[in-house]
Number of protein chains: 2
Amino acid sequence: MKRHLKPGEKPTLKTIARLSGLAVATVSRALGDAPDISADTKVKVRRIADEVGYIPNRAGVRLRTGRTNVISLILPVESNMTNHTAKLQSSIAHELRGTQFHLNVTPQFPDEDPLKPVRYIVENGLADGIIINSTRADDERVAYMMERKFPFATHGRTGWSDAHAYFDFDNQTFVTLAAKHLAGLGRKRMKVLLPPSGLNYTNDMMTGIIMARDMLGVDIQAMSNLHAEMAAEQISAWFEDAKSSDQTADGYIISSPMACIAVVDALERQGVKLGQEVDVFSREAIPFLKYFRPQIHLMREDVGWVGTHLARAVVQAIRAPNAKPLQGLEVPNETYIR
Amino acid sequence: MKRHLKPGEKPTLKTIARLSGLAVATVSRALGDAPDISADTKVKVRRIADEVGYIPNRAGVRLRTGRTNVISLILPVESNMTNHTAKLQSSIAHELRGTQFHLNVTPQFPDEDPLKPVRYIVENGLADGIIINSTRADDERVAYMMERKFPFATHGRTGWSDAHAYFDFDNQTFVTLAAKHLAGLGRKRMKVLLPPSGLNYTNDMMTGIIMARDMLGVDIQAMSNLHAEMAAEQISAWFEDAKSSDQTADGYIISSPMACIAVVDALERQGVKLGQEVDVFSREAIPFLKYFRPQIHLMREDVGWVGTHLARAVVQAIRAPNAKPLQGLEVPNETYIR
DNA sequence: CCCTGAAGCTATAACGTTATAGATGTCCAC
DNA sequence: GTGGACATCTATAACGTTATAGCTTCAGGG
């Protein structure tokens, strides 16, 4: 398809002009559907443009026309930010304040390849650096950016995290601490509701399970067929269905606050009382589960600091590509438990 | 200060070159701290640049150097988005998918003039359109953008909303419906926890209070010295302090989910039981308060649709500046109540 | 007094795009 | 066969920036 392109060449109007034998201005006007260009030419130009994958250079358009093709969302930074995403973005934006950098949000839709937005940004030069989360051990986005030496920082480690900037919460320790805490309350049979499988921190939590089993000698295992990002209804439904199966756990370790709510709700429907038959331990960024049920045990995680670190890390990766990448690992201890 | 500038002129390197008598290239190199420019010149250029308020044109830099000065945050769009901000952004991004527009997030810090980010974007041409929320009746940001004919859309109406694009939830009807619902449960003395004063939807809710009083004949009033965006701790503290004062309300209408949690918590600490001595009615975007206390009465508000509408509205404002602005008002009815 | 080298500045070109004015060719009317 | 109208395309310039090469000036050595 792209056989007309010189290798590594980013197609511009000039490319299309060369391939079509037309002038750059004509190509521009043809693509812009100007009235004084013949239909034939328009079709021909359009075809070549598609063939070579032409995408208008935003800087060129912007410089010439003043059009930025950007929509700006003004996000009020509230003091009592109860909101994970808002908090993360605010802290990134806050750290970026005073630098030349602007923050752009690119959605990654569940129905598309996770690599797509990353590739789009890298190939079209839409940013100097990228921040991603939900990392996998062999994350293809990370592999892609490392190969191209494109600056980035990840929330969550990967198989190559020695070599790139990241911030991570030590989820292995999270699990062992939680298990220890529950064991201290006399709990004997624990179940862990993990994040979706494949994610790096899911693996870390699985390691934590094994470590807790080995070192503390407790009966602890992951819940199968269920993960912490499922909708509350699904989690509830699972507990209903599983009534007949093994429900003898007396301790739950839950990876996300929403899942925790769903689990507690399901347990209570079965007549179980928190702090009596069962104890529940969850991770939480914002102090709110304590209002839901004060008996829930919590490990706090500071999202604001995550954003701050990631912003610094990616800026460093941009400015000093050869320096040692900025890496941060927050290892929780007993004082993190509420 | 800016007396050297022609009116309306956006300072560029050329401007500084003209004012300093140096060549454009020299100015560029002086500001870039190049080694072959004398210290004197650097100081002089820097001073003039500051004086005229020079800010490098991002498109120029980007075109020349390839540097975008943009950091991109990849935001995974989860299906069970439990998160107001993330949901809003996802729906905006979703609506923008397939258009040429990118979404940029500009924070508005509580310690700075709300007009600042808007002015920054407009003056420096950093976007083609702006979306704002937390509007006031005589919102200075709206006045600013209207005066300059800069495309925008607001979440929440203003005093001039006939003339601009907006989406709003009918908060007046929200209050009257809630009051009617509580009255139907036999509640006689209602209190409303409003959003911070000055916001347009706060005024709407106040109108709703008066209408409910007049039309339903119920005893209903706003809670003073307290608003729904305060931290949970503050709300709790207020209820403690106010023990001695009037606590005879039997119905509460709360403007935000977090405040609702705090209020219910405070009430329960006083031994009050939901659905018995007191009923509580709240607004909610995500189905979660029902897990907290199933007795809470809810009016649902679809944040996803808000984002979709706002995105369409601002795109229309950009593409067809003279068309009638896109406006949407969601008027709740009994079926919105859960 | 010429040559060299350094310091300090500038002219030019280029990044990719599009608005403007102009060029070329065709066709028809007179 | 000349003029004009029209359709279609192109050359040029400009947006703001910076890398590159080159220019000027001056001091100091020979």
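Chain letters run A, B, ... following the sequence lines, proteins first and then strands; every chain starts at 1. Keep in mind it's a predicted model, so treat the numbers as computed, not measured.
- Of the side-chain N and O atoms in A:Thr41, one or more sit less than 4.0 angstrom from OP1 or OP2 of D:dC9.
- Of the candidate nucleotides C:dG16, C:dT18, D:dT17, C:dG16 has the atom lying nearest to any side-chain atom of B:Leu63.
- Residue contacts for A:Ala25: at a heavy-atom cut-off of 4.0 Å it reaches a base atom on one of the strands shown.
- Here the side chain of A:His102 pairs no donor or acceptor atom with the backbone of A:Leu96 at under 3.5 angstrom.
- Rounded to a whole Å, the CG atom of A:Leu13 is 15 Å from the P atom of D:dA11.
- Straight-line distance from the NZ atom of A:Lys10 to the P atom of C:dG16: 9 Å, rounded to whole Å.
- If you check every strand for non-hydrogen atoms under 4.0 Å, A:Thr12 touches sugar and phosphate atoms only.
- Nearest to the side chain of B:Thr26, among D:dT17, D:dA11, C:dT10, sits C:dT10.
- Map B:Pro35 and B:Gly60 each onto its nearest nucleotide of DNA chain C; the residue landing nearer the 5' end is B:Pro35.
- Between the side chain of A:Thr68 and the backbone N or O of B:Asp128, at least one donor-acceptor pair lies under 3.5 Å.
- OP1 and OP2 of C:dA7 both lie 4.0 Å or more from every side-chain N or O belonging to B:Ser38.
- Note on ring orientation: taking the six-membered ring where Trp is involved, the planes of B:Phe109 and A:His94 are perpendicular (angle over 60°, cut-offs 30° and 60°).
- If you check every strand for non-hydrogen atoms under 4.0 Å, A:Ser28 touches a base.
- Put simply, NZ on B:Lys42 is 12 Å from P on C:dA7, counting in whole angstrom units.
- C:dT17 atom P lies 16 Å from atom CG of B:Asn57, rounded to whole Å.
- Counting non-hydrogen atoms under 4.0 angstrom, A:Thr65 reaches the backbone sugars and phosphates but no base.
- Atom pair B:Asp40:CG and C:dG8:P shows a separation of 9 Å (rounding to whole Å applied).
- Two residues are said to be in side-chain contact when any heavy atoms from C-beta on lie closer than 4.5 Å; A:Leu329 and A:Arg157 meet this criterion.
- Distance CG (A:Asn69) to P (C:dT17): 12 Å, rounded to an integer number of Å.
- Side-chain proximity of B:Ile37 to the nucleotides C:dT17, D:dT17, C:dC9 is greatest for C:dC9.
- Taking the six-membered ring where the residue is Trp, B:Phe152 and B:His164 present tilted rings, their angle falling between 30° and 60°.
- A:Arg29 places its CZ atom 17 Å from the C1' atom of C:dG16, with the value rounded to the nearest Å.
- Side chain of A:Lys116 to backbone of A:Gln108: no donor-acceptor contact under 3.5 angstrom is found.
- OP1 or OP2 of D:dC15 lies within a sub-4.0 Å distance of a side-chain N or O belonging to B:Lys14.
- B:Leu31 has its CG atom 9 Å from the P atom of D:dT17, to the nearest Å.
- One donor-acceptor pair, N or O on each side, does fall under 3.5 Å between the base of C:dC9 and the side chain of B:Asp36.
- The side chain of B:Leu22 approaches C:dC9 more closely than any other nucleotide in the set C:dC9, D:dC9, C:dT17.
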